[in-house]
Amino acid sequence: MASSSSSSSSSTLMKRNQLSQALSRAIAVSNISIIVLSADYASSKSSLVELFDIMDRYSVEQQIVLPIFYHVNPSDVENVDGSFKKSFDEHETRRSVDEVKQWKTAFAEVGKLQGWHIDGSIWDRPETQYIKDIVAYVMQKLMKHQVFLSLGEDTRLNFSNHLVNALEKVGINVFPDNETLKKGEKLPPTYSRAISASNISILVLSKAYASSKSCLSELSDIMDRKHNPTDKHIVLPVFYHVDPSDVRNSGGHFKTSFEEHESEQPADRVQQWKTAFAEVGKLKGWHIEGGKFDRPETQYIKDVVEYVIKKLSNIKSGSASEELVGIDDQKRTILKLIKQKDCRVLGLWGMGGQGKTTLAEAVYKKISLEFESCCFLQNVREEIEKQGKKSLRNELLSKLLNSNVDIDTPSIGSTLTQERLNNKKVLVVLDDISDPNQIDCIKNDSLQLFSTFAFKQLNPEVDFRDLSCKFVKYAQGSPLALRVLGCNLYGRTINDGESEMEKLGEYSHPEIFVVLKSSYDGLEDGISKLVSKCLVNISSSSSTYNEDIISMHDMLEELGKDIIRQKSKTPGKCRRLWSHEHIKRVLEYNQVSITWDGSNSRNEVKHVTYG
C-alpha cells in the first residue's frame with residue numbers, strides 16, 4: 001500500500017508540474033490575459049502563481065492585462081485588504097516570506113489597473129452586457145486589418161453575404177462575419193468598438209438601409225472617425241440598386257425612412273443621421289444599378305476585394321515604414337517632387353544597401369491608387385542579363401495594358417499600342433538601374449566629403465578633380481569608404497593616387513573592409529546568423545513557387561572575395577573562383593582535377609582536387 005501511495009503521489013506531482021509548465025507557456029505566448037478577481041481568488045496558490053507570472057510579463061513585455069473585479073472592491077485588491085488579507089495571512093504560515101511577498105506585490109499591482117467592476121448589486125448592469133463589452137474590447141485589441149461591413153437587411157443573404165465570403169477567402173477579417181450574417185443575428189451596440197478597431201468600413205447602401213436605426217447609428221460612428229484628421233479610416237460606399245444622388249439628398253425611399261424616424265426619435269439625432277448619410281453620398285464608391293445592361297455582381301465584388309487588399313497593403317507598409325529611421329522625411333520629399341508640374345521621371349541614386357528600393361516601394365504603395373495602371377519591376381539589371389531587354393519590356397507593357405503584349409521590333413510597336421499608353425495615367429518603378437552611361441554627374445555632397453579628408457577643403461584641387469571623381473564613384477556614397485580613401489590620398493601625388501585607384505579595381509581597401517569583417521568574424525553556421533548580423537537579407541519571391549530570395553550588400557560581396565584571396569594567393573588553391581582570368585589560368589595549367597559521378601544519368605561533379 002505504501003508503494004502504491006508513493007507512486008500515486010509522484011504521478012499527481014508530475015501532472016501538476018506538467019500543468020504548471022503548460023500554463024506558463026500559455027501565458028508566455030498570449031497577447032492578452034484576463035484575470036477574474038473574485039472573493040476566493042487569493043486563497044488559491046495556483047491562481048497567485050499564475051497572476052505573478054502574468055504581471056512579470058506585463059512589466060517586461062507590456063502584455064495586455066484586463067482585470068475583472070467580480071463582486072469585490074478594487075481598493076481591497078490594491079491594498080490587499082478585506083477577505084484577501086485573511087488569504088495572504090494563511091499563505092504566510094505555509095509558504096516562504098519572499099514568495100508570499102512577491103504574490104502580494106503582483107496582486108496589488110493588478111488592483112491599480114483599469115478594468116471592469118461587476119459589483120453584483122440590483123442596480124448593476126446584467127453580466128451579459130459586461131461580457132459583450134469585454135469581448136468587443138478584446139476584438140479591438142487583437143484584430144488587425146479589419147473590415148467593418150454596414151448593411152441593410154435586404155442584402156444580408158445575397159450581395160453582402162457574397163462580399164463577406166469573398167473577403168474571408170483572401171484572408172481578410174470582416175465584421176460581421178459570414179456565420180453572423182447567415183444566422184441573422186443583430187449587431188449589438190458594442191460593435192461601435194469594432195468600428196473603431198477597423199481599418200476600413202464598407203457601407204452597402206440599399207433601399208432598406210435608412211429604415212434601420214442601427215445602420216444609421218453605425219454610419220454616424222463611421223463618419224465621425226472619417227472626420228478625425230489624425231484617423232486614416234477608409235470608407236467605401238456601395239450604392240446597391242439605389243441612386244447616389246438620393247443618398248446625397250435623402251430622396252426617394254430614404255425620404256420616407258427619415259420621416260418615420262423623425263416621428264419616433266429626437267430631432268437632433270435624426271439630423272445627425274441625415275447629415276452623415278448625405279456625406280456618404282458624396283464619396284466615391286461603386287454604383288450597382290442592377291439593370292440588364294449592368295456588369296455581373298461577381299465582377300463588382302472582385303473589384304471591391306482587390307481595392308480593399310490594396311488599401312490594407314498600404315496601411316501595413318505605412319506601419320512598417322515607421323520602424324525605418326528617416327524614411328518618412330525622404331518619402332515626403334519624393335512625394336513633393338512627384339506633385340510638381342511637368343515632373344515625369346525621378347531617380348534615386350546611391351550604393352547598394354542604402355534603402356533605395358525600400359523607399360521606392362513605400363512611395364509606390366502610397367500613390368499607386370492614384371494611377372490607372374502601375375508596375376514595379378525589381379532587379380532590372382539582373383533580369384536584363386537573364387532574359388534580355390525585349391522580354392522585360394514586354395512584361396512591363398503587359399502589366400500596364402492589362403493584356404498579353406509581345407513586340408519583336410526595337411521600337412514600342414504598333415500605333416494602337418502607343419495610343420493605349422497615351423490614354424493612361426501610369427506609374428512605373430524600375431529597380432536597380434546601373435548602366436554607367438546613364439550617370440551624368442556625381443553627387444556634390446559625396447565629392448565634398450571626400451575632398452574634406454583628401455585636401456582639407458570642400459572641393460578637390462583642379463589637377464585632382466578627375467581622379468577624385470573616380471574615387472567617389474568607387475565609394476558609391478559610402479561615408480566610410482569616402483573617409484578612408486580621402487585620408488589615404490592626402491599629401492600624395494597624382495601618380496600615387498592613380499596607382500591606388502588601379503589597385504582598388506582588383507583588391508579592396510583593407511581599412512574599409514576591417515569594419516565589415518567584424519561582422520564576419522562573429523559568424524557561426526546558419527542563415528539566421530547571417531540575417532541577424534545584417535549580412536544577408538531574405539525576401540519573398542513573386543514567383544508561383546513561393547521561393548525566398550537571399551540578397552547581399554555589394555561591399556559584402558567584395559569582402560567575401562577578399563577573404564578568399566587572403567587565404568591563398570594561388571588561384572588554383574582558392575575555394576572559389578570568379579575572375580575569368582584566374583579560371584582560365586587554372587584550367588590551362590591543369591591546376592585542378594575533376595572527378596565525375598557516373599552513378600546517375602545527370603553526370604554530376606563528385607569531387608574537385610586542386611593541384
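Residue numbers count from 1 along this sequence.
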Please determine whether side-chain contact (heavy atoms from CB on, under 4.5 Å) holds for the pair Ile338 and Val363, giving the CA-CA distance in whole Å, both sets of side-chain angles, and the decisive distance to 0.1 Å. CA-CA 10 Å; Ile338 291 174; Val363 173; 3.8 Å; yes
Taking CD in Gln114 as the centre, count heavy atoms belonging to other residues, nucleotides or ligands within less than 6.0 Å. Is the count above 12?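 Atom CD in Gln114 is not packed in, count stays at 12 or less.
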Within 6.0 Å of NE2 in His253, more than 12 heavy atoms from elsewhere: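 It does not: His253 NE2 has 12 such atoms or fewer within range.
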Working to the nearest 0.5 angstrom, can you tell me the gap between [X] [atom1] and [Y] [atom2]?
X: Leu283; Y: Phe239; atom1: CG; atom2: CZ; answer: 7.0 Å
X: Ser212; Y: His261; atom1: OG; atom2: NE2; answer: 7.0 Å
X: His162; Y: Leu167; atom1: NE2; atom2: CG; answer: 13.0 Å
X: Ile200; Y: Ile234; atom1: CD1; atom2: CD1; answer: 4.5 Å
X: Glu259; Y: Lys255; atom1: CD; atom2: NZ; answer: 4.0 Å
X: Leu348; Y: Leu359; atom1: CG; atom2: CG; answer: 5.5 Å

Out of Asn158, Thr155, Asp154, which one pairs with Ser206 under the side-chain hydrogen bond (donor to acceptor under 3.5 Å, both in side chains) rule?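 Testing Ser206 for a side-chain hydrogen bond (donor to acceptor under 3.5 Å, both in side chains) against Asn158, Thr155, Asp154 leaves exactly one candidate, Asp154.
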Among His227, Lys226, Arg225, side-chain hydrogen bond (donor to acceptor under 3.5 Å, both in side chains) partner for His233: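 Exactly one option meets the side-chain hydrogen bond (donor to acceptor under 3.5 Å, both in side chains) with His233, and it is Arg225.
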Which residues pass the ring pair (Phe, Tyr, Trp, His ring centres under 6.0 Å) test with Phe277, not counting sequence neighbours?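 Counting only residues at least two positions away or on another chain, Phe277 forms a ring pair (Phe, Tyr, Trp, His ring centres under 6.0 Å) with Phe254, Phe258.
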Whether [Y] and [X] form a salt bridge (side-chain N of Lys/Arg under 4.0 Å from carboxylate O of Asp/Glu) is what I want to check.
X: Asp431; Y: Lys356; result: no
X: Glu279; Y: Lys282; result: no
X: Asp133; Y: Arg125; result: yes
X: Arg295; Y: Glu289; result: no
X: Glu395; Y: Lys399; result: yes

Begin with the C-alpha distance, continue with both residues' side-chain angles, and end with the deciding distance and a verdict on side-chain contact (heavy atoms from CB on, under 4.5 Å) for Val428 and Leu377. CA-CA 8 Å; Val428 178; Leu377 284 182; 5.7 Å; no
Residue pair Ser211, Glu260: steps toward the side-chain contact (heavy atoms from CB on, under 4.5 Å) verdict: CA-CA 8 Å; Ser211 63; Glu260 292 177 357; 5.6 Å; no
Nearest heavy atoms of [X] and [Y], plus distance in Å:
X: Asn394; Y: Ser398; answer: O-OG, 2.7 Å
X: Glu218; Y: Ser150; answer: OE1-OG, 2.8 Å
X: Ser220; Y: Ala276; answer: CA-CB, 4.1 Å
X: His287; Y: Tyr300; answer: O-OH, 3.4 Å
X: Phe148; Y: Ile222; answer: CD2-CD1, 4.2 Å
X: His241; Y: Gly290; answer: NE2-CA, 3.5 Å

Could you tell me which residues satisfy side chain to side chain contact (heavy atoms under 4.5 Å, CB included) with Lys386, sequence neighbours excluded, listed by chain and number?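 In terms of side chain to side chain contact (heavy atoms under 4.5 Å, CB included), with neighbours along the sequence ignored, Lys386 is linked to Glu382, Glu383.
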Would the distance check show the side chain of Tyr209 and the main-chain N or O of Cys215 forming a donor-acceptor pair, the cut-off being under 3.5 Å?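 Looks like yes, one N/O pair under 3.5 Å.
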Using a 3.5 Å distance criterion without hydrogens, assess whether the side chain of Asp243 forms a donor-acceptor pair with backbone atoms of Ser245.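 Confirmed, Asp243 side chain pairs with Ser245 backbone.
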Residue pair [X] / [Y], side-chain heavy-atom distance below 4.5 Å:
X: Leu66; Y: Ile64; value: yes
X: Val426; Y: Cys374; value: no
X: Leu113; Y: Met55; value: yes
X: Val238; Y: Leu203; value: no

Please evaluate residues Leu205 and Tyr240 with respect to the criterion side-chain contact (heavy atoms from CB on, under 4.5 Å), reporting the C-alpha separation (whole Å), side-chain torsions for both, the decisive distance (0.1 Å), and the verdict. CA-CA 6 Å; Leu205 299 160; Tyr240 186 79; over 6 Å; no
Could you name each residue pair satisfying ring pair (Phe, Tyr, Trp, His ring centres under 6.0 Å) that touches residues 374-404, not counting sequence neighbours?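 Checked against ring pair (Phe, Tyr, Trp, His ring centres under 6.0 Å) - neighbours excluded - the pairs reaching residues 374-404 are Tyr364-Phe376.
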